[in-house]
Asks: 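Next up is a structure, given as structure tokens.
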Amino acid sequence: ETTDDIFLFLQTFVKSSSIIYLISIVEAVISLIIQGASTNLYLKMSRSPEKITMTPFIEGFSFAGRSLLAGLWVGLWSFLWYFAAIFAMALLMVIFSLLGETFLILAGCIGVIGAVIILLYKLYSYSMTLMIAIEFPEVSITRALDISKKITKGNIWELFVLELSFMGWMFLSIFTMFIGVLWLEPYMSMTTINAYHSLLKDALKKGIVKVEDLSPKSTTKEESNEENEKAIIDDQKSIESSESNSETNFDSNNDTNKDL
């Protein structure tokens, strides 16, 4: 009877774990699709001085495939860096363990801090991938991630501080029973979109990213390439005209929230 009970318990546990795992996958998929639709909405809002309806949000569901691919690609690279950081930390602890228990504890602390820094750096490097994938549908997901790394290089600390500036508002939302998050979430999203615009424009001006990087790699007629380049140039001009405050928003958001 004891063996049967154990077997029944394990069978029930496996089934429960499978259901929980399946629910987690479904939640992740839905979250990525909604995030893609929201990104499309905020991108349209950031360019248009006129009132925006929910149409761009609904249209954003057409990017469900790209949102999922972007999430999977970013998730894969994040996992690889997570595994590499854990492996490096374990190796460091093994080496320092030969020197004594004190050095083992020191190695553990250094390893954890180093792993967190590496993971945060990579996550911020990949943070613009979805925006690029949504704004430039012809750009491949792999190229979108490469462009994200290029435009965020040298700006990781600024992005980190920008997110820290939201902490005060998050803390205050607790006193509103988190109702304030309904206003805070759009504010955070638009600020991130403005940061994206600022980083992309700066990268285009400095030549870090070229117009060709944002156009599809066409093997057909030369006219197709010219049309693609013209469309991207016009798009960037529209961003500059309608987002004249994007660069100042990115830099000033930190200053306006320092009081918190």
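As a basis for the values below, the full set of heavy atoms in this structure was taken, side chains included, without hydrogen atoms, waters or symmetry mates. Each residue takes its place number in the sequence, starting with 1.
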Asks: Tyr124: which residues meet the ring-ring contact (aromatic ring centres under 6.0 Å, His included) condition with it, sequence neighbours left out?
Replies: none
Asks: Go through the structure and list residues passing ring-ring contact (aromatic ring centres under 6.0 Å, His included) with Phe175, not counting sequence neighbours.
Replies: Phe171
Asks: Closest approach of Ser189 and Tyr42, non-hydrogen atoms and distance?
Replies: CB-CE1, 3.4 Å
Asks: Minimum heavy-atom separation for Arg66 to Ala133, with atom names?
Replies: NE-O, 2.9 Å
Asks: For atom CZ of Phe61, decide whether the heavy atoms of other residues, nucleotides or ligands shown that lie under 6.0 angstrom number more than 12.
Replies: yes
Asks: Examine the side chains of Glu59 and Thr55 and answer whether a donor and an acceptor come within less than 3.5 Å of each other.
Replies: no
Asks: If you measure from the Lys or Arg side-chain nitrogens to the Asp or Glu carboxylate oxygens, is any gap between Lys206 and Asp202 under 4.0 Å?
Replies: yes
Asks: Any donor and acceptor pair, going by atom type alone, linking the side chain of Asn40 with main-chain N or O of Pro56 inside 3.5 Å?
Replies: yes
Asks: Between Thr129 and Ala70, what is the shortest heavy-atom contact and its length?
Replies: CG2-CB, 4.4 Å
Asks: If only side-chain N and O atoms count, and only distance matters, is there a donor-acceptor pair under 3.5 Å linking Trp81 with Tyr126?
Replies: yes
Asks: Between Arg47 and Glu135, is there a side-chain N and carboxylate O pair less than 4.0 Å apart?
Replies: yes
Asks: Looking at Asp213 and Lys210, is any side-chain nitrogen of the basic one under 4.0 Å from a carboxylate oxygen of the acidic one?
Replies: no
Asks: Hey, does the side chain of Ser125 reach the backbone of Tyr121 with a donor-acceptor pair shorter than 3.5 angstrom?
Replies: yes
Asks: When the ring centroid of Trp157 is compared with that of Phe160, is the distance short of 6.0 Å?
Replies: yes
